[in-house]
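What follows is one structure encoded as structure tokens, with my remarks underneath.
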Number of protein chains: 2
Amino acid sequence: MARRVVRKPTKVLMDLDARKATILKAVVVEHIDTALPVGSSAVAASADLDVSSATVRSEMVALEREGYLAQPHTSAGRIPTDKGYRYFVDHLQSGVLGAVQQQQVKEFFASVRGEVEEVLEQTSTLLSQMTSYTSVVVGASHAHATILSVQLVNLDSHHHLLVTVFSDGSVVKHSLTPSYAATPKEVMEASRQLNALLINTSLATRVQVPSRRDHEADLVREAVSILHAQQPVMEGEQVFIGGSSRVAEVFDGVETVRQVLAILEQELLVVSLVQDILDQGLSVAIGSEHGFEPLATCALIVAPVTIDGVPAGAVGLLGPTRMKYREAMAAAEVVSARLSRHFAGADDRG
Amino acid sequence: MARRVVRKPTKVLMDLDARKATILKAVVVEHIDTALPVGSSAVAASADLDVSSATVRSEMVALEREGYLAQPHTSAGRIPTDKGYRYFVDHLQSGVLGAVQQQQVKEFFASVRGEVEEVLEQTSTLLSQMTSYTSVVVGASHAHATILSVQLVNLDSHHHLLVTVFSDGSVVKHSLTPSYAATPKEVMEASRQLNALLINTSLATRVQVPSRRDHEADLVREAVSILHAQQPVMEGEQVFIGGSSRVAEVFDGVETVRQVLAILEQELLVVSLVQDILDQGLSVAIGSEHGFEPLATCALIVAPVTIDGVPAGAVGLLGPTRMKYREAMAAAEVVSARLSRHFAGADDRG
DNA sequence: GTTAGCAGTCAATTCTACCGAGTGCTAACG
DNA sequence: CGTTAGCACTCGGTAGAATTGACTGCTAAC
């Protein structure tokens, strides 16, 4: 499947003189607001500009030539290109989250309780509610966490459950369904041996399994192999998508909506997309920048979540290229920071 | 929130003479196929009818008067009402799944592996692929399963993980974060006591907790209370939604798409909707029948999943009222049956 | 370099006419 | 009496023409 390549935005030659920048900004702001092409007179009317529409026009042709603006057709206004949005995001916008939303985030993290998964899920709902965009929260894999406890539980003589607890607090179960009947006693003994064998190892470390040919040893061998087989599949990557109905609010064509939803369904794809962008140190990928065709009209904002400095996931927001970058970026940033703090040492209160 | 009331379809006076039935059937079939109002001549041309369009017309006014058909406007053809679809589903359609799909289901269940959750999730994808409708798979709560094992694992002195294994093979974790520092030894002892206390009980049975005022007893008390607190929230209800992008294929208005997606997001709502329909012994709820406003233009097909005769969940398909009932119902039925069998005693092979 | 003015472009809108699918009605037919 | 052919009528959809108006690019003057 088409490999996603993130193009680093070229910083070279990307500087516009003050007036062009002002005009570009006006166009972007207006177009984000109205979704319509914006004309020269609208820009000229913009408060912080004191020239006629004719002047604006000539600047606009320059901006168009340089690739910041585009015209849907002659005699329409201009709309920003991906490059135009990029410049806007990099140079022209700023500001922090509104006080109301600040408060909302604060209250959320003050009151949120429960397991990591629940917190992540609710966080994704929060983000999507705050921004009215679809949100993606990715919890990192526990591939490098160490095993705190392994337990083999007897369901019946042919069904056993391998329950593994990791140092990051995650719990994973696997079914063992041997063809032979194992006695509860054998299962218990196998469980004991597994503990001795695996505790404090990570899934990456290979261990010496017993080579005896009895039921206990068989169970142990099978359990270990199941557990270690997990690794390549990057088991444990958790994805929570919030507000997928927002997709239908924010894009207009039913077909576009369908495509975006189809992408979101492929959770693995979303994870790697978010990861790609994170790897590039980008916080927002606009339109073609993420190189993923079906999302050509989307922008994706990503902010990393870290626990004590260690990368532990990410939060993202998916919207149209004409999304409200300022608010959305602020929201992603604040939430990711709060989330990091929450996991770092939050729940040390009674 | 608006209580959903499922109206039992009245069987009284619902019998149409053979010709009316044929005409109704023709209209439904045609409209499902084309999404357009269907006129008298189209019906008259229908193979199994040997009358003129004029006759069909007079029958149609009767069918309209009786509420089976409706006219979008004068001089348009007729479209079926919910009542019309209902009659169609109850009396006029039949048939089984195509051989290709039969095979697909067979192969799927022959090759599917892994934990219950994964199977359910993949099943929901299967269903949605087979039918091109959005699918819902609901796994029953384990509220009545008994506890096979409880284990308290030490993360650090203030964080412990309570891992509970149930007889239905589900595993649940809860965090314990006491304000006092507990030693590994105390945690282990508490774990031992919890086991003694809870094994073979269900979440519904109350147990006698120790009343001592030491760390071990405190841990035990807190663990038990957390576990039992779960019950009312019907923890463990698992919902898997497959093919949500199909929503955008199958409904035309963006707004409709948004509403349906918004409903699907509310997983609890979906569960209770499915449950309601199941309780009424219905296998399909058409339009207003489920009494849930935002889904007025939807039909929901539900088939129960049982394990050894015990209800264990359900599979559902959500589509427009003009969905392909025959195929969709057949698919839901076959898949639910296979799924039931799969869980009953499938994985007893090596 | 800036601006007013102007001619030109082109999507969107409105209007009109018209088509045709489909109806309801009626009168004739077996 | 049920069935049918025939006919007038309705009304949504479409196609085309005319109009509008929001733009632009250009040019000449400031």
Side-chain angles (χ1 to χ4, degrees), chain A residues 16-81 84 252-253 322, chain B residues 16-81 84 252-253 322:
Chain A
L16 301 173
D17 64 69
R19 196 169 65 187
K20 281 204 182 63
T22 311
I23 290 173
L24 175 55
K25 180 173 181 176
V27 171
V28 173
V29 168
E30 182 76 7
H31 181 253
I32 284 179
D33 197 44
T34 63
L36 267 55
V38 0
S40 56
S41 51
V43 174
S46 160
D48 43 349
L49 207 59
D50 223 14
V51 291
S52 78
S53 64
T55 311
V56 173
R57 276 202 288 283
S58 55
E59 294 285 48
M60 272 172 148
V61 307
L63 283 167
E64 184 169 2
R65 196 174 43 239
E66 294 168 44
Y68 295 97
L69 295 178
Q71 240 179 334
H73 58 86
T74 350
S75 92
R78 306 297 210 290
I79 58 173
T81 60
D252 14 44
R322 49 169 282 276
Chain B
L16 300 174
D17 65 70
R19 197 169 66 185
K20 280 206 181 62
T22 311
I23 291 173
L24 175 56
K25 179 173 181 176
V27 171
V28 172
V29 169
E30 182 75 7
H31 181 254
I32 285 179
D33 197 44
T34 63
L36 267 53
V38 0
S40 56
S41 51
V43 173
S46 161
D48 42 348
L49 208 60
D50 222 15
V51 292
S52 77
S53 64
T55 311
V56 174
R57 276 202 288 284
S58 57
E59 293 287 47
M60 274 172 146
V61 308
L63 282 167
E64 182 167 4
R65 196 174 41 239
E66 294 169 45
Y68 295 98
L69 295 178
Q71 241 179 333
H73 57 85
T74 350
S75 90
R78 306 300 211 290
I79 58 175
T81 59
D252 15 44
R322 50 169 282 276

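All chains are named by letter (A, B, ...) in the order of the sequence lines, taking the proteins before the strands, and each is independently numbered beginning at 1.
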Nearest-Å distance for atom pair CD1/C1', residues I79(B) and dG12(D)
14 Å
Could you please spell out the steps behind the side-chain contact (heavy atoms from CB on, under 4.5 Å) verdict for I79(A) and L69(A)?
CA-CA 6 Å; I79(A) 58 173; L69(A) 295 178; over 6 Å; no
Which base sits across from dC30(D) as a Watson-Crick or G-U pair, both distances under 3.5 Å?
dG1(C)
Checking R57(A) now: which residues fulfil side-chain contact (heavy atoms from CB on, under 4.5 Å) with it, not counting sequence neighbours?
S40(A), S53(A), A54(A)
Gap between atoms CZ and P, on R19(B) and dG2(D) respectively (whole Å)
10 Å
Whole Å only: how far is the CG atom of L63(B) from the C1' atom of dG22(C)?
16 Å
Apply side-chain contact (heavy atoms from CB on, under 4.5 Å) to M60(B) and V43(B), showing your working.
CA-CA 10 Å; M60(B) 274 172 146; V43(B) 173; 4.0 Å; yes
Rounded to whole Å, please give me the gap between CG in L49(A) and C1' in dT2(C).
13 Å
Could you please spell out the steps behind the side-chain contact (heavy atoms from CB on, under 4.5 Å) verdict for L16(A) and I23(A)?
CA-CA 10 Å; L16(A) 301 173; I23(A) 290 173; over 6 Å; no
What is the per-nucleotide protein-contact pattern of nucleotides 13-30 of chain D, from the 5' end, where B denotes a base atom under 4.0 Å from a protein heavy atom, S denotes such proximity for sugar-phosphate atoms only, and - denotes neither?
---------BBBB-----
Could you give me the CA-CA distance, side-chain angles and deciding distance for R19(B) and V51(B), then say whether side-chain contact (heavy atoms from CB on, under 4.5 Å) is met?
CA-CA 10 Å; R19(B) 197 169 66 185; V51(B) 292; 3.9 Å; yes
Any side-chain heavy atom of H31(A) sitting closer than 4.5 Å to one from V28(A)?
no
